[in-house]
Amino acid sequence: MNAALLVAGKEVREGVRNRWVIAATLLLAALALTLAFLGAAPAGRVGASALDVVVVSLSSLSIFLLPLIALLISHDAVVGEMERGTMLLLLSYPVARWQVLGGKFLGQVAILAVATVSGYGAAGAALAVAGHDVGPEGWWAFAQMIGSSVLLGAAFVALGMLASALVRDRGTAAGIAVGLWLLMVLIWDMALLGLLVADAGERITAGMLDAALLLNPADAYRLLNLAGLPGLGELSGMAGVAEGTALGPPVLLAALLAWVLVPLAAAAAVFARREL
Amino acid sequence: MKADIPAVQLERVAKRYGAVEAVRDVSFSLPQGGRVALVGHNGAGKTTLMKLMLGLARPSAGRLLVLGRDPSEGAAETRRRIGWLPESVTFNGALTGREILRFFARLKGENAAAADAMLDRVGLAEAARRRVGTYSKGMRQRLGLAQALIGAPRALLLDEPTTGLDPEMRQGLYDILAGLSGAGTTVLLSSHALEELEGRVERVVILDRGRLVADGTLAELRALARLPVRLRLTLAGATPPDWLASAGGLRRIAARAVEIPCAPEDKMALLRRAAEDPAITDIELQAPTLDELYAHFLRGQGGERGGTA
């Protein structure tokens with residue numbers, strides 16, 4: 001375990017040195033601040049608290065951005081070090097392959113967590129400083145949004161690592177990463193919507209729809225934040241979906257966790273069998 | 001680990017990658033404290049052998065033990081006691097030399113101070129805070145050596161360790177290796193620069209296309225190869241004496257110097273005669289070089305097998 005933490009520490013250090021941490025933090029902070037102040041302006045008129053609006057808009061942003069950042073960092077984790085020749089030397093040390101993979105995962109999630117917490121936290125702090133009245137419930141929703149965003153990022157780090165452990169060259173890993181992002185973030189929902197419209201309520205049951213939503217970490221995250229949290233459903237336009245679904249926050253959270261653990265375990269299994 | 005068992009032991013080890021047989025039927029063992037060179041062309045199987053010894057690859061056939069254990073178990077205690085310098089070693093260029101070496105030291109259970117002392121030992125103390133991306137090839141090689149040497153290894157596997165090192169650093173490396181092997185560390189190094197191995201290793205293992213073609217001390221290999229010694233004679237006049245001219249293989253190498261090959265058993269007779277002849281003013285004796293030995297064993301491979309020292 002100690003070895004895994006050492007690998008994680010090195011990963012974070014490299015992330016700081018390569019400017020990944022600072023770039024991701026700045027990007028998230030800039031977008032979050034923009035959304036916070038643009039979004040807070042009309043809040044008084046629709047009767048929602050400023051922070052609720054921010055939670056809704058930030059979680060929409062997270063769905064696009066965090067998977068992208070996570071995949072960008074993680075797709076290189078195994079295959080990149082293999083190609084540069086640094087992986088062999090590392091594996092000749094007293095460190096198991098699962099420790100290398102687990103350490104890299106921890107380090108990359110830490111990078112994402114720092115970027116998300118400080119980037120989005122800056123937006124929350126700015127709203128508080130600007131004198132918006134936010135109740136404890138609002139802050140709770142905000143904290144939950146940040147926490148689940150990190151979890152979403154972790155799921156895509158795990159997926160990126162799986163891709164990285166499977167392929168023989170970096171280009172392929174990058175291609176898979178882009179493909180995963182397009183599929184999960186853009187195409188999945190559209191395809192689902194198209195199916196629902198085409199089917200016109202004939203064969204697809206609510207249960208099947210729920211399953212389809214759980215099969216995509218981005219959808220699980222969206223439901224958790226936009227529909228699952230009390231009072232936010234109406235704001236986000238997801239109320240309709242939220243009412244029809246039997247998926248409560250515990251199930252959605254479990255789905256997100258499974259999306260972290262299953263790809264990570266698969267990546268470890270693939271990496272353990274890989275011929276060096 | 002008991003003192004009398006070999007540090008590295010290979011029994012009929014083979015490794016194939018798909019259709020490629022990287023190593024075939026190789027057996028040898030390295031004693032504790034031994035200094036041995038692994039010699040062969042590119043693709044002869046040197047790097048594969050080292051990977052097998054490190055447990056980074058599993059043999060397709062045969063058995064090997066390193067420090068008394070099967071390396072493919074990946075036992076942490078064994079790995080902590082093995083140092084490896086890969087061929088053309090690379091590091092993440094974003095980190096400094098000190099950060100990288102401290103990381104590797106901690107993985108082997110050593111502290112930061114040991115890493116800093118090692119940086120000093122390989123002459124990188126001044127560059128320790130610089131990013132490795134700015135290092136020259138020789139400096140990266142030295143950092144690679146530092147990580148291999150850290151943690152008092154019982155076995156050192158060095159793949160082409162002297163590439164990129166200047167002559168002074170090379171000498172320094174061989175001094176370090178001599179000290180380590182004196183203290184009981186087994187050193188196996190692969191090399192292309194055969195000439196510089198002379199006097200620095202006790203034994204040479206020659207590989208060709210995955211097969212072991214010779215294994216023995218330099219003297220044994222020389223005796224086995226029966227390569228001719230070459231005598232270089234400086235003459236008093238322009239023409240060599242008749243007895244010399246009638247000997248086979250005489251070759252003029254300068255206006256007043258000739259070279260003549262002679263079989264090892266004829267050497268002393270020839271030397272006595274040359275020493276007595278006033279027409280000859282100087283004698284230089286050239287033993288067959290390691291390069292010639294190497295070429296000889298590669299030519300003869302398939303038929304004859306080396307001695308078993």
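Small disclaimer: the values here were computed from a predicted structure and weren't measured. So you know, we letter chains A, B, ... as the sequences are listed, proteins then strands, and number each from 1.
Residue A:Arg13 qualifies as open at atom CZ: its count of foreign heavy atoms under 6.0 Å is 12 or below. Residue-environment remark: CD (B:Glu73) exceeds the threshold of 12 foreign heavy atoms within 6.0 Å. For CZ of B:Arg12, the number of neighbouring non-hydrogen atoms (other residues, nucleotides, ligands) closer than 6.0 Å is 12 at most. Atom CZ of A:Arg274 sits in a crowded spot, with more than 12 heavy atoms from other residues, nucleotides or ligands closer than 6.0 Å.
Across A:Leu89 and B:Trp84, no two heavy atoms sit closer than the pair CD1-O, 3.7 Å.
Annotation: side chain of B:Tyr17 is in contact with side chain of A:Glu275 (closest heavy-atom distance under 4.5 Å). Annotation: side chain of A:Lys10 is in contact with side chain of B:Leu95 (closest heavy-atom distance under 4.5 Å). Side-chain atoms of B:Leu107 and A:Leu90, non-hydrogen and from C-beta on, do get closer than 4.5 Å to each other.
Neither the backbone nor the side chain of A:Val16 comes within contact range of chain B, judged by heavy atoms closer than 4.5 Å. Contacts between A:Arg97 and chain B at a heavy-atom distance below 4.5 Å involve the side chain alone, from C-beta outward. Residue contact with chain A, scored on non-hydrogen atoms closer than 4.5 Å, is absent for B:Glu77. With a 4.5 angstrom heavy-atom cutoff, B:Thr96 touches chain A via backbone and side-chain atoms both.
Ranked by heavy-atom pairs under 4.5 Å with chain A, the list B:Gln147, B:Arg58, B:Arg106 is led by B:Gln147. Ranked by non-hydrogen atom pairs under 4.5 Å with chain B, the options A:Gly85, A:Gly9, A:Pro94 are led by A:Pro94.
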Worked check of side-chain contact (heavy atoms from CB on, under 4.5 Å) between A:Leu88 and B:Lys51: CA-CA 9 Å; A:Leu88 267 188; B:Lys51 281 191 192 173; 3.6 Å; yes

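Atom CD of A:Glu14 and atom CD1 of B:Ile100 lie 8.0 Å apart (nearest 0.5 Å). The distance from the CE atom of A:Met87 to the CG atom of B:Leu56 is 11.5 Å, given to the nearest 0.5 Å.
Formation of a donor-acceptor pair under 3.5 Å by the A:Arg17 side chain with backbone atoms of B:Gly93 is not found in this model.
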